[in-house]
Amino acid sequence: MPHGSLVTFEGGEAAGKSTQVRLLADRIKAAGHLVTVIREPGGTPLGEKLRELIKHAPESKGMEPMTELFLLCASRAELVAKVVRPAIDQGTVVIMDRFFDSTLAYQGGGRGLDTGMLRQLIDWSVGSTRPQLTVWLRVSPEEARRRMESRNGGQTVPADHFEAESAGFFSRVDAVYAGLAATESERFIELDGSSPMEDVASRIWAVVSARLRL
Ligand code: TMP
């Protein structure tokens with residue numbers, strides 16, 4: 001069994017990550033490899049409680065950016081130590097629906113927290129557990145808005161605290177992702193998420209299978 005690996009997915013709201021994560025996991029499994037799929041925040045019993053707090057709890061609406069950051073880091077520290085690291089060590093391909101790049105994009109770009117401080121906290125939360133490959137699914141703000149509305153039954157009511165953020169917030173999120181695609185181009189791959197689902201899945205498989213030699 002080869003040494004395990006880590007692939008992460010990133011993007012704004014309604015970029016189609018969860019669907020593509022599932023399709024990729026199916027392909028990797030069909031190629032005969034062990035796969036674990038994890039979402040962040042979440043992925044452990046404690047992390048799922050923190051996810052609920054971070055995204056939905058009325059008490060956390062409008063919480064301080066630093067409070068949000070620490071809750072995210074708490075979920076992440078638990079997840080990396082209890083699930084991600086052991087799975088990689090057992091030779092599993094771990095696919096994560098978001099990881100620390102989301103913190104750089106949302107808490108750094110969106111909330112305006114200092115990137116140097118975020119990188120330090122990320123280091124403490126994940127140690128040496130870094131993705132070999134990150135797929136950034138990019139969709140236009142208009143397409144994201146359209147998908148969110150159709151996902152929410154045609155309602156404009158946001159599904160969680162993040163969906164309620166402004167267009168400016170999401171353009172700052174995207175700008176951070178674009179910066180990562182430029183500065184870490186070996187790892188951080190941009191793909192057009194607005195193409196038909198099967199086309200996106202094939203492109204992802206081409207990139208991932210080549211990089212991980214699956
Ligand atoms: P999602 O799993 O539906 O994408 O929801 C997770 C939300 O949490 C999403 O709006 C992005 C946000 N988030 C952050 O703000 N920072 C982070 O580090 C992570 C992992 C997620």
Side-chain angles (χ1 to χ4, degrees), residues 6-22 24-25 37-44 46-57 60-84 94-115 117-126 129-131 134-139 141 143-145 147-152 157-177 179-180 188 193:
L6 176 58
V7 177
T8 62
F9 278 69
E10 294 288 344
E13 305 303 298
K17 288 181 289 84
S18 308
T19 305
Q20 293 300 335
V21 162
R22 193 170 34 77
L24 177 63
V37 170
I38 294 163
R39 68 176 179 183
E40 254 218 334
T44 62
L46 177 57
E48 288 296 322
K49 293 233 162 168
L50 291 168
R51 179 184 175 88
E52 178 62 24
L53 265 181
I54 293 165
K55 285 184 50 143
H56 299 291
S60 60
K61 194 167 191 296
M63 69 182 140
E64 286 298 312
M66 287 300 290
T67 311
E68 181 178 84
L69 174 64
F70 286 131
L71 291 175
L72 286 159
C73 287
S75 170
R76 179 167 300 147
E78 185 75 3
L79 181 64
V80 168
K82 293 240 170 78
V83 181
V84 180
V94 178
I95 309 175
M96 293 184 71
D97 188 340
R98 298 194 182 279
F99 197 27
F100 56 75
D101 296 301
S102 283
T103 307
L104 297 172
Y106 280 73
Q107 281 62 51
R111 305 266 187 245
L113 293 178
D114 178 72
T115 305
M117 182 265 294
L118 292 178
R119 286 197 181 275
Q120 277 193 317
L121 271 179
I122 289 167
D123 286 349
W124 291 336
S125 315
V126 310
T129 304
R130 310 278 161 161
T134 299
V135 176
W136 171 30
L137 285 183
R138 187 173 205 173
V139 296
E143 173 67 8
R145 182 61 51 198
R147 288 183 184 183
M148 273 189 268
E149 283 176 16
S150 82
R151 192 170 65 183
N152 301 342
V157 182
D160 61 47
H161 300 330
F162 290 99
E163 283 196 10
E165 288 298 336
S166 64
F169 178 96
F170 288 111
S171 70
R172 295 194 299 279
V173 166
D174 262 11
V176 172
Y177 284 138
L180 288 166
F188 200 93

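Counting convention: from 1, in listed order, for ligands and their atoms alike. This chain uses plain numbering: 1 for the first residue, then up along the sequence.
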Less than 4.0 angstrom from a charged side-chain N to a carboxylate O is my criterion; do Asp160 and Lys55 meet it?
yes
Sorted by chain and number, the residues that approach ligand 1 to under 4.0 Å with a heavy atom
Glu13, Lys17, Glu40, Pro41, Arg51, Lys55, Leu72, Arg76, Arg98, Ser102, Thr103, Tyr106, Gln107, Phe162
Kindly check if the number of other-residue, nucleotide or ligand heavy atoms within 6.0 Å of CZ (Arg145) is above 12?
no
Salt bridge (charged side-chain N to carboxylate O under 4.0 Å, His left out) pairs, two or more places apart, involving residues 61-76
Glu40-Arg76, Glu68-Arg111
Looking only at the side chains, is there a donor atom on one of Arg98 and Tyr106 sitting less than 3.5 Å from an acceptor on the other?
yes
Quick one: does NZ or CZ of Arg130 land under 6.0 Å from the six-membered ring centre of Phe100, within 45 degrees of the ring axis?
yes
What I want to find out is whether Arg138 reaches Glu10 closely enough, with some N-O distance under 4.0 Å, to be called a salt bridge.
no
